[in-house]
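Quick caveat, the model's predicted, so the values are computed rather than measured. This chain uses plain numbering: 1 for the first residue, then up along the sequence.
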Amino acid sequence: MHIPQPRISVAAMFGLEIWQFWAAVGVTFFAGFVKGAIGFAMPMIMLSAFGSFLPATTALGALILPTLLTNIQQAFRQGRREAWQSAWNFRWHIAMVVIFICVSAAFATAIPQGIMYALLGVPIVGFALWQLSGRPLKLQVDHRRRAEVVTGTIGGLYGGISGIWGPPAIVLLLSLGVDKREQVRVQGVIFLLGAIVLTVAHLFSGVLNAQTVPLSAILCIPAFLGMQLGFALQDRMDVVQFRRWTLILLVLTGLNLIRRAFDFWS
């Protein structure tokens with residue numbers, strides 16, 4: 001007598017409903033496309049969308065490996081030499097991001113995230129709107145190291161808690177007037193090193209576990225495909241378009257962080 005074997009869906013393997021799995025795939029593809037086009041916002045898009053249909057720790061764990069993969073693509077797109085030069089040029093910011101991701105990752109489940117989201121979202125929106133108004137903010141070269149240390153510290157503190165450490169780096173690069181190709185490359189290097197630290201930190205924190213690691217790994221596929229389409233769009237944008245869309249995305253990112261802060265308080 002033949003006894004039918006139970007069928008186990010891919011989604012069930014990750015502890016998700018089938019619609020949750022495919023929603024995660026679609027969100028990741030779109031986030032990869034945006035990252036390829038503008039150079040950032042992938043974890044912000046993923047975490048924001050995932051948070052509406054996945055548990056918080058699952059959402060954070062799911063984005064880690066796609067973020068790591070796409071940052072490798074972005075950082076080394078122009079070659080290893082250029083990537084290492086970018087890392088050296090912004091070594092103070094990178095060092096602070098790495099240090100403070102390690103510090104804050106251990107408190108990912110303890111710190112009131114509503115307060116953290118508000119403190120990050122409000123200044124990001126203010127900065128981006130100021131830039132879009134045609135009154136660019138320029139940091140003095142004499143104060144660059146201080147700016148790198150401050151923005152890196154802020155980015156690292158938020159990164160370990162939420163998986164988002166990009167906005168302070170974008171603010172720094174826009175303020176310094178870095179050109180498009182270098183800005184995207186520097187973002188990739190900063191995000192890559194942060195992603196490596198975040199991955200290791202959350203292997204110890206428990207966010208990356210037997211359920212989230214396979215889910216995060218399979219989401220690398222739509223992330224990679226979306227990234228390739230985004231690169232094609234990025235190459236066609238001129239500097240003005242690139243800067244405008246970067247600022248618009250910063251405004252949307254900041255507003256979403258503020259919205260999430262209110263969600264925690266409501």
Contacts of D235 meeting salt bridge (charged side-chain N to carboxylate O under 4.0 Å, His left out) (sequence neighbours excluded), chain-then-number -> R77
Return the orientation label for the F76 and W84 ring planes: parallel under 30°, perpendicular over 60°, tilted otherwise. perpendicular
For residues 27-40, dump all side-chain donor-acceptor pairs below 3.5 Å to protein atoms at least two apart in sequence or in another chain.
{"residue": "T28", "atom": "OG1", "partner": "A24", "partner atom": "O", "Å": "2.7"}
{"residue": "K35", "atom": "NZ", "partner": "N71", "partner atom": "OD1", "Å": "2.7"}
{"residue": "K35", "atom": "NZ", "partner": "Q74", "partner atom": "OE1", "Å": "2.8"}

Checklist entry - Is there a path of hydrophobic side-chain contacts, each under 4.5 Å between heavy atoms of I, L, V, M, F, W or Y residues, that connects I94 with V200? => result no
Taking Q234's backbone N and O only, do any of them form a donor-acceptor pair with K180's side chain (distance below 3.5 Å, no angle check)?
yes
Sorted by chain and number, sequence neighbours left out, side-chain hydrogen bond (donor to acceptor under 3.5 Å, both in side chains) with Q78 holds for R185
Residues at least two apart in sequence or cross-chain that pass side-chain hydrogen bond (donor to acceptor under 3.5 Å, both in side chains) with T151, listed by chain then number, are H93
Those residues at least two apart in sequence (or on a different chain) that pass side-chain hydrogen bond (donor to acceptor under 3.5 Å, both in side chains) with T212 are N209
Hits for side-chain hydrogen bond (donor to acceptor under 3.5 Å, both in side chains) against Q85, two or more places apart or cross-chain, chain-then-number order -> N89
Heavy-atom check, side chain of L193 versus side chain of V97, under 4.5 Å
no
When rounded to the nearest 0.5 Å, the distance separating CD1 of I72 from CZ of F224 is 11.5 Å
Same cluster or not: are L192 and M227 linked, directly or through other Ile, Leu, Val, Met, Phe, Trp or Tyr residues, by side-chain heavy atoms under 4.5 angstrom apart?
no
Rounded to the nearest 0.5 Å, the CG atom of D238 sits from the CZ atom of F242 at a distance of 11.0 Å
